[in-house]
Amino acid sequence: MWKKTPSPRLKQDVDSTIYELQVRDFSVNDPTVSAENRGSYLAFAENGNGTKHLRKLAQAGLNTVHLLPTFDIASIPEDPAKQAVPQCDLRSYPPDSEEQQACIDKIRAKDAFNWGYDPWHWMAPEGSYTSTAAKADGGARVAEFRTMVGALHRSGLRVVLDQVYNHTPASGQAQTSVLDKVVPGYYQRLNATGAVETSTCCQNIATEHAMAQKAMVDSVVLWAKYYKVDGFRFDLMGHHSKANMLAVRSALDQLTLKRDGVDGRSVYVYGEGWNFGEVANNARFEQATQGQLGGTGIGTFSDRLRDAVRGGGPFDDNPRTQGFGSGEATDPNGDSGANPDAAKRLKHDTDLTQLGLAGNLRDFSFRLNENGAVTRGDKVDYNGSPAGYADQPDEVVTYVDAHDNETLWDSLTYKLPVTTSMADRVRMNTVSLATTALSQTPSFWHAGADLLRSKSLDRNSYDSGDWFNTLDWTGADNGFGHGLPLKGDNEAKWPYQKPLLANPALKPQAADVQSATAAAQDLLRLRFSTPLFRLGNADAINAKVSFPASGTADARPGVIAMRVDDTKGRDADPSLRGLVVVFNASPGAVTQKVPGLAGASLTLSPVQSGGSDPVVKGATWDVASGAATVPPRTVAVFVQR
């Protein structure tokens, strides 16, 4: 059945809509999955709540599940008898208590949970994710992993594996050291004194060495060929060379359906193109970083739109800095120290968001809100670096949250005014997700972003156990108010967190979650309602995508009007002459004039006029003035036929 279930095919990589999910999170707390399969690969083959939810998302337009590490992990005991469990009643403590984290902290190094970014064996599936009956059987883990892949394919979902080749958990003669025992001092990256580099917070790997690259390439090919997975995400990809990644790409491209059972050219490759550590600024080789992968078809996560929409950055001491999607300047949260020059910052964050919607291309030109000048993407500033860095849209993965840092919902909890109603919080969650779903690049959501998932404000839940990483597909408990998060990574923010966690008005109910996921599914339907959201190449984006009101007297704070013009030949979508998307992140209704469209007839997209949100149905288009009136905290798509 696994071999006979084909992978869903995409016409182009920018069609990717990706949902980042951890195997254990998927089912460990799902009572609709059999007890022996909870937290395991086989849960994906059951008709539990998680499977039902993924299928609903797939029907709406989700097409890819990205699994956090599933190779053999060093930090998780595989024998259930050796896995520690909390020795306290976690639900008995108040929502702002220190007790939950203290209880988890005592056992977290020996429990069954870890994200798994500590690879022991790159080419073997992780054993703790096998079913209860198969824990001691190495062959069973292979079969069960393949069953999971086949089940996801049957649900209409491609499978991406999270790969970690930049570091290992140990070096030398340590128990979990492998490579140093094969050839001491060769595979690990050393500094000038012979010590292993640890800029990744672990023992770094020198994939610039020929045999280290070979291990990396051979491993990727194995997973593609013998497990039929559809893509790979590379952890800290900037610690690898561009040559490493091109070798991976070349090896995949040589796989064929006839000979290998997989079309390697359809396998999408992306990763973290961050620039830091001993390899920074191409110190040891040309890195696989943002802006250095032009023409390769290899994607990098873009922090540009992420920070502009959320506000601030992931390492801010004060987490209340607002952004385009969290009320910057239009809905102040009262923290002036975190939001100096908010009106000016909003203009720049709006520009970064617009550039992200257009694919984060280096040569995309538009009029800036910041100063009214027509500017190329690579001339827009992002913390001293070019904001636009891609040659093509498939070189960028657009996201507003991932497993790292606070969830989107927790970020909004920090940044929105405390008095913001729950209904408005849900709407801002949708506005933020829309900036990824309606972008010209692959779109990436953290699992549960559509369910208002919270990790009780934890900024680094890699080893915070099932309690802080809970994923409830029913919406009954989104995870907020599970206590103060672990002291080690969060204590400095406890003064911000404690009053928020103690506020019962900030925890959504199941009805709020259902409203959020229905709205998110409408976003997916919008993305696939027309090819105009997925033009696929820079030439088409430069020719068709614009922000007509940007930098003009017509621009409104907290509002973006994006036009995709297909009037010349209708080559992208024969059914439409174009569309206009108005993102209104402000707390009030706006009438946004769209220059150049006076006299044009547009109507609300059928997806929204027949969709789940009654508010957006009140959005209107005035033909005479070429202006859209859009309700507060709403994204409206108008189509021109």
Side-chain angles (χ1 to χ4, degrees), residues 6-7 9-16 18 64 66 69-71 119 122-123 149 158-167 179 186-187 189 204-275 279 282 284-301 389-397 441-442 536-538:
S7 301
R9 299 300 298 270
L10 302 181
K11 291 183 178 179
Q12 52 187 357
D13 289 333
V14 297
D15 292 346
S16 299
I18 304 168
T64 305
H66 161 155
T70 51
F71 46 69
W122 285 325
M123 299 187 185
V149 173
R158 294 161 62 84
V159 180
V160 166
L161 299 188
D162 204 326
Q163 302 291 74
V164 183
Y165 300 111
N166 63 85
H167 66 251
L179 298 173
Y186 175 77
Y187 286 97
R189 184 177 294 130
N204 293 5
I205 295 295
T207 48
E208 62 270 26
H209 294 172
M211 296 306 292
Q213 175 179 287
K214 186 178 188 301
M216 179 179 176
V217 172
D218 289 350
S219 172
V220 169
V221 169
L222 178 143
W223 289 106
K225 185 174 179 178
Y226 295 106
Y227 292 89
K228 301 296 185 287
V229 300
D230 311 285
F232 298 94
R233 177 266 195 193
F234 287 81
D235 183 63
L236 299 184
M237 189 171 66
H239 269 56
H240 299 306
S241 68
K242 181 177 179 180
N244 289 156
M245 299 310 301
L246 289 176
V248 167
R249 182 71 270 170
S250 176
L252 289 171
D253 290 346
Q254 293 174 44
L255 300 177
T256 67
L257 281 171
K258 183 177 181 179
R259 186 183 65 244
D260 307 296
V262 59
D263 177 8
R265 293 169 300 176
S266 70
V267 174
Y268 186 41
V269 172
Y270 59 97
E272 294 181 301
W274 315 135
N275 177 32
V279 298
N282 302 315
R284 299 205 179 192
F285 43 73
E286 184 180 10
Q287 298 164 266
T289 49
Q290 294 170 333
Q292 298 196 160
L293 293 168
T296 65
I298 297 170
T300 60
F301 288 95
Y389 64 80
D391 290 350
Q392 296 293 339
D394 59 2
E395 296 164 16
V396 171
V397 175
T441 73
N537 64 81

_For a 4.5 angstrom cut-off between non-hydrogen side-chain atoms, does Arg249 reach Val267?_
yes
*Presence of salt bridge, Lys214 and Asp218, under 4.0 angstrom*: yes
*Supply the atom-to-atom distance Glu208 CD to His239 NE2, rounded to the nearest 0.5 angstrom.*
10.0 Å
*Carefully, step by step, assess Asn244 and Ser241 under the rule side chain to side chain donor-acceptor pair (under 3.5 Å).*
CA-CA 5 Å; Asn244 289 156; Ser241 68; 3.2 Å; yes
*For the residue pair Tyr270 and Phe234, is the inter-centroid distance of their aromatic rings smaller than 6.0 Å?*
no
*Using the side chain to side chain donor-acceptor pair (under 3.5 Å) rule, take Thr289 and Asn275 through it: C-alpha gap first, then chi angles, then the decisive distance, then the call.*
CA-CA 6 Å; Thr289 49; Asn275 177 32; 5.6 Å; no
*Dump the intermediate steps for side chain to side chain contact (heavy atoms under 4.5 Å, CB included) on Leu293 and Lys242, then the final yes or no.*
CA-CA 7 Å; Leu293 293 168; Lys242 181 177 179 180; 4.0 Å; yes
*How long is the span from the OH atom in Tyr226 to the CE atom in Met123, to the nearest 0.5 Å?*
11.0 Å
*Any side-chain heavy-atom pair of Val229 and Val149 under 4.5 Å*: yes
*asked:* Would you say that Trp223 contacts Gln163 through its side chain, given a criterion of any heavy-atom pair below 4.5 Å between the two side chains?
replied: yes
*To the nearest 0.5 Å, what is the distance between CZ (Arg265) and CG (Leu257)?*
8.5 Å
*Does any non-hydrogen side-chain atom of Phe232 lie less than 4.5 Å from one of Val248?*
no
*May I ask you to decide if Ala538's main-chain N or O and Gln392's side chain share a donor-acceptor pair within less than 3.5 Å?*
yes
*Ring-ring centroid check His209 Tyr187, cutoff 6.0 Å*: no
*Say you draw a straight line from CD1 of Ile298 to CG of Asp13; how long is it, rounded to the nearest 0.5 Å?*
10.5 Å
*How far apart are the closest heavy atoms of Ser266 and Arg9, and which atoms are they?*
CB-NH2, 4.0 Å
*Can you find a pair of side-chain heavy atoms, one from Val220 and one from Leu252, that are under 4.5 Å apart?*
yes
*Report the C-alpha separation of Tyr165 and Ser219 in whole Å, then their side-chain angles, then the decisive distance to 0.1 Å, and conclude whether the side chain to side chain donor-acceptor pair (under 3.5 Å) test is met.*
CA-CA 10 Å; Tyr165 300 111; Ser219 172; 2.7 Å; yes
_Closest non-hydrogen atom pair, Met211 against Tyr186_ = N-OH, 3.0 Å
_With a 4.5 Å cut-off on side-chain heavy atoms, are Leu161 and Thr70 touching?_
yes
*Rounded to the nearest 0.5 Å, what's the gap from CD on Gln292 to CD on Gln287? Could you check?*
6.0 Å
*Could you tell me which non-hydrogen atom of Ala247 sits nearest to which non-hydrogen atom of Gln213, and how far apart they are?*
CB-NE2, 3.5 Å
*Considering non-hydrogen atoms only, spot the tightest contact between Ser16 and Leu10 and give its length.*
OG-CD1, 3.5 Å
*Indicate the atoms forming the closest heavy-atom contact of Leu255 with Ala224, along with that distance.*
CD1-CB, 4.0 Å
*Search all heavy atoms of Ala212 against all heavy atoms of Ala206 and return the closest pair with its distance.*
CB-O, 3.2 Å
*Mind checking the CG-CG spacing from Asn204 to Leu236? Nearest 0.5 Å is all I need.*
8.5 Å
*Show the numbers, then the answer: is there a side chain to side chain contact (heavy atoms under 4.5 Å, CB included) between Met245 and Val269?*
CA-CA 9 Å; Met245 299 310 301; Val269 172; 3.7 Å; yes
*Does the side chain to side chain donor-acceptor pair (under 3.5 Å) test come out yes or no for Asp260 and Gln254, once each step is laid out?*
CA-CA 9 Å; Asp260 307 296; Gln254 293 174 44; over 6 Å; no
*Test side chain to side chain contact (heavy atoms under 4.5 Å, CB included) on Arg189 and Val279 and set out the steps.*
CA-CA 10 Å; Arg189 184 177 294 130; Val279 298; 3.6 Å; yes
*asked:* One pair to check against side chain to side chain contact (heavy atoms under 4.5 Å, CB included): His240 and Met216. What are the steps and the verdict?
replied: CA-CA 10 Å; His240 299 306; Met216 179 179 176; 3.7 Å; yes
*Any side-chain heavy atom of Tyr389 sitting closer than 4.5 Å to one from Thr300?*
yes
*asked:* Determine whether a donor-acceptor pair (N or O, by modelled atom type, separation under 3.5 Å) exists between the side chain of Arg233 and the backbone of Gly271.
replied: no
*So, do Met237 and Asn166 sit near enough that their side-chain heavy atoms are less than 4.5 Å apart?*
no
